[in-house]
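In what follows, a single structure is set out as C-alpha cells and then discussed.
Chain letters run A, B, ... following the sequence lines, proteins first and then strands; every chain starts at 1.
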There are 2 protein chains.
Amino acid sequence: MDKFELKLDQAARAAWLSYVGGRTQDEIASQLGVSRPGVQRLLALARQEGLVKVHIDHPLANCMVMSEAIVQRFGLDFCDVVPADPDAGDGDVHYLAVAGAERLARYLDRSDPLTLSLGTGRAIRAMVEALSRIDRPQHRFVSLVGNVARDGSSNRYDGVMVLADKTGAERFLLPAPVVASSLEEKQALQGQRLFQAVAEVARQAEAAFVGVGRIDRRATLFQDHFISEMELEELLGLDAVGELLGWPMNQAGEVIDCSITRRVTSLPLGMLRGQSLVALAAGRDKGPAILAALRGGWLKGLVTDESAARYITESENF
Amino acid sequence: MDKFELKLDQAARAAWLSYVGGRTQDEIASQLGVSRPGVQRLLALARQEGLVKVHIDHPLANCMVMSEAIVQRFGLDFCDVVPADPDAGDGDVHYLAVAGAERLARYLDRSDPLTLSLGTGRAIRAMVEALSRIDRPQHRFVSLVGNVARDGSSNRYDGVMVLADKTGAERFLLPAPVVASSLEEKQALQGQRLFQAVAEVARQAEAAFVGVGRIDRRATLFQDHFISEMELEELLGLDAVGELLGWPMNQAGEVIDCSITRRVTSLPLGMLRGQSLVALAAGRDKGPAILAALRGGWLKGLVTDESAARYITESENF
DNA sequence: TCTCTAGATGATCAAATGATCGACCCGAAT
DNA sequence: ATTCGGGTCGATCATTTGATCATCTAGAGA
C-alpha cells in the first residue's frame, strides 16, 4: 500500500496548509495540483488518520474535555465545568455560582411567563446572589424543599426569597421542615391546602435548580439539624452517599427507602422527571454524591468544578 | 482587566467546542448563550491570543514550515520540500525527482502548445525519468546548456532527449560544450545559425527546470570535465559557491565575472528573468549553492529536500 | 442631566466549506 | 473482447463561516 503513503503525505501537506498556513481550500488545490473537492477529501483523511492534533492552551481545556465526557456518559443536556480556582478556599463556590447564574439567566431572559423551582444549599444561594438584578415580574419561583428546620428556624440558604426580590417575581415557599419528625406530621403537612398549592406550582415548573448534598458528618442535612446524629448513622449504615432535595441515594443513585425517607417532605424526585433538573455542586468531596445523582439519571444539567468532574470521570472508567 | 479574563475563558470554551468538539458555530452559540457572530469573535480572539495550537503529526510538517519560510523570504511562487528519506543513500534523488516531476507534469498537462527549457544534472535527469509517459506532441523542449563535453562526449544527464521521447514533443539541443575552450570558440559557436535558432526557442520558453551545481572538488562541472582542475581552483579562489547553467555565483548569488564565465556558452541567466526558473537540488552539501541561487533572486520555484531546506533556513536567520 | 464617544452587538451578505451525486476510469472475471 | 464492480473524480448545491455595517449601550465629561 505505497499508494496510501503518498495519499497521507499529500494529506499532511494539505492539512498543514489549511490549519497552520490558514490557506483556503482553493489555494491549496492549486498549490497541490488537485481539485477543490480533492483537497476536501485529503483534509478529511488527515483528520480521520489523526494527523491533525488540536490543543487549546488554556486551563479550561481540561474542563471542556471532562464536560463533554460527562454529557455523553450520562445523557445530559449540558455540563458546565468551572476551573479549579487555586486562590479559592475550601468552601468557595464563587466560580460555580457565576456559572450557575449564567444558566439561570438564560431562563430568566425569556419574556414569556416562566416557573422555576429551586432547591437549597450554599451553591444555590450563592448562585442567586451572583445573579444581576433583572426585572421579570411575570416569572414565578418556588422552593422544592421545606425552608424550616426542625427547631423552627428558617433555612439560611433558601434562594427563592432572594431571587424573587431581585426579579420582582412571585414566590412560593414550602412551609415545612425538610424532614418531618414523624410520618403523621408529614401527612398533616402535606394535607395542608397551602402545601398542596405550592406543590402544584412546583409541578408546573419548567426547570429546577438544586444542590447536591453529601451524606457524612459534614452533611448540610445534619449540620443544619434537619436530621439527628442517629438518623445520620442510619443513613450511613444504608450506604447513602448523597442526597437530592433531602432524598438520600446510594451509589447507584437509587433513593433509599428507610425511616427517614418516609418522613421527607420535599417534593418527590420522580415529579421532576419531565422537567430540566439542574444540579450545582463542586468539590472533590461532593464527587460521590454528584456521581450518584448522575447514575440515578435524575439530572438534565450539571454545573460543577474541575475537581468534582475529575472525580467523576476517574470513577466511571471512560 | 478582569473582563478580559472572562472573555478569554469563554473564548477557550468556544475554541474547544469548535476545534476539538467539532460543533458548528450555531451549536456553540446556543450552548454558550451568545449570538453566532459572538462566537465568531470569540474564536477570532482565541486564535489571536494563541490559545489554539495545531500540530500536524507527520514528517512532512517540518518540511511545510521550511517551505513556507523559504517562499516568504525569497519571494518564490512555490517551494516544495520533500522529507529526508532515511532509507535513501547519499546521492538518492528519488523523492526530489518525483516532486519535480509533479511540478513538470502540471505544465505538461496543458493542451495548448508549451515551450519548456531544461538544464542538466542528475536531478533533472531523474525528474524526467520519474515522469510518466504522456502524449503531448504540441510541446517543445529545449536545453539551456550545451550537451557536449570538452572531450566531445555527450552529456549523460541531458533530460531533453528523454522528455521529448516520453511526450513525442519536439526537441532542441544546444550543440556546444558548457564551457568553450576560448573566447573565440565561444563566439564561433554562438555565431552558428543552429545555435541561434535553439537560443531563440529557449527565449520563448515559459518555464525552465534547472539543477544547481556545487563548486568544489565534487562539482559536476569538474567531474564531468567541463572545466579543468586549474579552472576549478580559479573559481574557488573567487569565492564561487555554486552555479546555475554553468554560471558560477558567489554567496550573494552574483554571477562571477572571470575567465571561465566569459567562455560559458549557456544562455545568460538574465534571459530567464521573465520566465519561471525552477531549480531542483537536494542535500545539505548543495545548501550553499542553492542559497546563493536564492539570494541572487534568480529562482521562481524550488524543489529541494529537508536537509537542504534546513541548511537554508538556518543560514538565513529567519 | 445631557451629550458624546468608544466599544459591543446583532442583521446581512459574500466567501468558503462539506456533502451528495452522477460520470468516468481501471482492473478483473467471463 | 466485453461487461461488471469498485473506486475515484469533479460539478453542483446546501450549510457554515467570516466580514461588514448600522445600531445600540455604557460610561465619561460637561
Side-chain angles (χ1 to χ4, degrees), chain A residues 1-52 54 56 64 98 101-102 105-106 108-111 130-136 166, chain B residues 1-52 54 56 98 102 105-106 108-111 131-136:
Chain A
M1 258 305 182
D2 197 29
K3 216 56 170 301
F4 186 66
E5 290 289 327
L6 288 180
K7 267 261 173 285
L8 268 189
D9 273 18
Q10 203 149 51
R13 250 184 277 261
W16 196 93
L17 289 166
S18 175
Y19 297 116
V20 184
R23 317 300 180 78
T24 76
Q25 296 188 356
D26 273 316
E27 290 174 311
I28 299 169
S30 71
Q31 188 133 11
L32 261 52
V34 298
S35 71
R36 223 265 301 155
V39 175
Q40 185 91 313
R41 277 184 269 269
L42 287 175
L43 290 177
L45 177 68
R47 281 184 300 241
Q48 188 193 323
E49 294 294 321
L51 262 52
V52 185
V54 183
I56 305 295
M64 297 302 293
V98 172
E102 269 174 35
R106 300 269 294 281
L108 302 185
D109 276 343
R110 291 173 23 180
S111 53
L131 194 80
S132 55
R133 204 164 281 276
I134 176 177
D135 197 45
R136 285 290 180 277
K166 281 199 171 175
Chain B
M1 259 306 179
D2 195 29
K3 219 50 173 303
F4 185 69
E5 291 289 328
L6 287 180
K7 267 258 172 288
L8 225 56
D9 272 18
Q10 202 147 55
R13 251 184 277 261
W16 195 92
L17 288 166
S18 175
Y19 296 116
V20 184
R23 319 298 180 80
T24 77
Q25 295 188 355
D26 272 317
E27 289 175 311
I28 299 170
S30 70
Q31 188 135 10
L32 261 52
V34 297
S35 71
R36 222 265 304 156
V39 174
Q40 184 91 312
R41 278 183 270 269
L42 286 175
L43 290 177
L45 177 68
R47 281 183 299 240
Q48 187 193 323
E49 294 293 321
L51 261 53
V52 185
V54 182
I56 306 295
V98 172
E102 269 174 35
R106 300 268 293 280
L108 302 184
D109 275 342
R110 290 173 25 181
S111 54
L131 193 80
S132 54
R133 203 163 281 274
I134 175 177
D135 196 46
R136 285 288 179 277

### Upstream residue (5' side of DNA chain C) when A/Q25 and B/V34 are each assigned their closest nucleotide
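Upstream on the strand: B/V34.
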### Message
For A/R47 and B/P37, find the nucleotide of DNA chain C closest to each by heavy atoms; which residue's nucleotide sits nearer the 5' end?
### Response
B/P37
### Task
Look at A/Q40 and D/dC9 and indicate whether a side-chain polar atom (N or O) is within less than 4.0 Å of OP1 or OP2.
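Result: no.
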### Query
Could you go step by step and tell me if B/V54 and B/Y19 meet the side-chain contact (heavy atoms from CB on, under 4.5 Å) rule?
CA-CA 10 Å; B/V54 182; B/Y19 296 116; over 6 Å; no
Would you mind reading off the distance between [X] atom [atom1] and [N] atom [atom2], rounded to a whole angstrom?
| X | N | atom1 | atom2 | result |
| --- | --- | --- | --- | --- |
| B/L17 | D/dT17 | CG | C1' | 16 Å |
| A/D26 | D/dT17 | CG | P | 18 Å |
| A/Y19 | C/dT17 | OH | C1' | 10 Å |
| B/L42 | C/dG10 | CG | C1' | 14 Å |
| B/L43 | D/dG18 | CG | C1' | 11 Å |
| B/R36 | D/dT20 | CZ | P | 14 Å |
| A/R23 | D/dT17 | CZ | P | 22 Å |
| B/L45 | C/dT9 | CG | P | 12 Å |

### Task
Could you grab the distance from atom CG of B/L42 to atom CD of B/Q40, nearest 0.5 Å is fine?
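Reported to 0.5 Å precision, the distance equals 10.0 Å.
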### Query
In Å and rounded to the nearest 0.5 Å, what is the CZ to OG distance from B/R36 to B/S30?
12.5 Å
### Message
I want to check something: taking the side chain as every heavy atom from C-beta on, are A/Q10 and A/L32 in contact at a cut-off of under 4.5 Å?
### Response
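With C-beta onward as the side chain, the pair touches.
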### Message
Should the side chain of B/R41 and the base of D/dG18 be counted as holding a donor-acceptor pair, with the cut-off at 3.5 Å?
### Response
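Per atom types, no contact qualifies.
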### Task
Check every atom of C/dG18, D/dG18, D/dG10 against the side chain of A/S35 and return the nucleotide holding the closest atom.
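The answer is D/dG10.
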